[in-house]
Amino acid sequence: MRLVPPRCPTCGASPTGILETVQGVAHLDVGKDDAEYAGGTEVLWDTQTPVRDDAHRVTLVGECDHLWQAELTEPPDESRT
C-alpha cells in the first residue's frame with residue numbers, strides 16, 4: 001500500500017498504524033425488572049473498518065502519537081501486464 005503523506009506532517013515520524021473502529025457486544029445480566037452489565041464485551045472483528053474523513057482518507061497514528069489523514073492506495077498489479 002502507498003500512503004500520502006507517508007510521515008507525520010507535524011514532526012516527520014513514521015506511522016505505526018491506521019486508526020480503526022470495531023463494534024462490540026457488551027454482555028448483560030438481565031433480571032425480572034432490570035439489567036446490569038455483566039463485565040465482558042465480545043469484539044465483533046468482522047466490523048473492523050478504518051476511520052476515514054470526508055475525502056475518504058484514512059487516519060494514521062504515528063510513533064509520535066500524532067494523528068493525520070493520508071490517502072491510501074494500492075500499487076498497480078504488475079502481474080497483469
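We count residues from 1, following the sequence as given. Heavy atoms only: backbone and side chains are in, while hydrogens, waters and symmetry mates are out. These figures come from a predicted structure and were not determined experimentally.
Contact between Pro6 and Pro15 at its shortest, heavy atoms only, is O-CD, 3.1 Å. Minimum heavy-atom separation, Thr47 to Leu44: OG1-O, 2.6 Å.
The NE2 atom of His66 sits 5.5 Å away from the OG1 atom of Thr10 when rounded to the nearest 0.5 Å. Rounding to the nearest 0.5 angstrom, the gap separating the CD atom in Glu74 from the CE atom in Met1 is 6.0 Å. One finds the CH2 atom of Trp68 at 8.5 Å from the CG atom of Leu3 (value rounded to the nearest 0.5 Å). Atom CD of Gln48 is separated from atom CD of Gln23 by 12.0 Å, given to the nearest 0.5 angstrom.
When the side-chain contact (heavy atoms from CB on, under 4.5 Å) test is applied to Ser14, the partners found at least two apart in sequence or on another chain are Arg7, Glu63. Under the side-chain contact (heavy atoms from CB on, under 4.5 Å) criterion, Val58 pairs with Ile18, Pro50, Arg52, Leu60, Leu72, not counting sequence neighbours. With sequence neighbours excluded, no residue forms a salt bridge (charged side-chain N to carboxylate O under 4.0 Å, His left out) with Asp54.
In this structure, the side chains of Thr21 and Val51 come closer than 4.5 Å at one or more pairs of heavy atoms. With a 4.5 Å cut-off on side-chain heavy atoms, Thr41 and Val25 do not count as touching.
Enclosure of atom CG in Asp46 is not indicated, since only 12 or fewer non-hydrogen atoms of other residues, nucleotides or ligands lie within 6.0 angstrom.
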